[in-house]
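Okay, structure first, notes after.
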Amino acid sequence: MDRETRKAAIAAYKERKTAVGIYAVLCTTTGQRWIGRAADLEKIQNRLWFTLRQGGCRLSSLQAALSKHGPEAFMLEVIEPIEDEALPYVRDRLLTERLAHWCQVHGAEAI
């Protein structure tokens, strides 16, 4: 890859829009859910699965469920994508409100 092509690829990556929103981790064995918020929904599953494999999840109930049922019993689903908001504090407030809403709806713990 030549230098100009590389610069263009880096610039395109930096300018891409990320999908912000609320997601759920579901244990298909028990039906238990954990709800989280993410600034990049495309990358949250890889990050979360890596943390769980390493035993470093800060949510002990999720880590224990994964240890008991195995990773094949878990799936991640996007519950609510959020429109891109230019002001970070507005986006954060909206994510916090929607996270609380979905935790209440599903009777789930927040990640």
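Remember, predicted model here, so these are calculated numbers, not experimental data.
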Report yes or no: do L26 and L62 belong to one cluster of Ile/Leu/Val/Met/Phe/Trp/Tyr joined by side chain heavy-atom distances under 4.5 Å? no

Going from CG on L59 to OG1 on T51, what distance comes out if it is rounded to the nearest 0.5 angstrom? 12.0 Å

When rounded to the nearest 0.5 angstrom, what is the spacing between CZ in F74 and CD in Q32? 7.5 Å

Exam field: side chain Q63 to backbone L52, donor-acceptor pair closer than 3.5 Å: yes

Would you mind listing every side-chain hydrogen bond (donor to acceptor under 3.5 Å, both in side chains) that reaches into residues 69-80, with sequence neighbours excluded? R33-E77, E80-R98, E80-W102

Steps toward side chain to side chain contact (heavy atoms under 4.5 Å, CB included) verdict (W49, L66): CA-CA 10 Å; W49 271 209; L66 182 92; over 6 Å; no

Heavy atoms, side chains only, cut-off 4.5 Å: are L48 and I111 in contact? yes

Closest non-hydrogen atoms of A110 and L99, given as atom of the first, atom of the second and distance, are CB-CD2, 4.1 Å

Just so I know, are the side chains of I79 and H106 near enough to count as touching, which here means a heavy-atom distance under 4.5 Å? yes

Let me confirm one number: the CD1-NE2 distance from I35 to H101, rounded to the nearest 0.5 Å. 10.0 Å

T29 to A73 - nearest heavy-atom pair and separation: OG1-CB, 3.4 Å

Are L76 and V105 in one and the same hydrophobic cluster, where Ile, Leu, Val, Met, Phe, Trp and Tyr link if side-chain heavy atoms are under 4.5 Å apart? no

Does some side-chain heavy atom of K43 sit less than 4.5 Å from a side-chain heavy atom of N46? no

In this structure, are over 12 heavy atoms from other groups packed under 6.0 Å from R53 atom CZ? yes

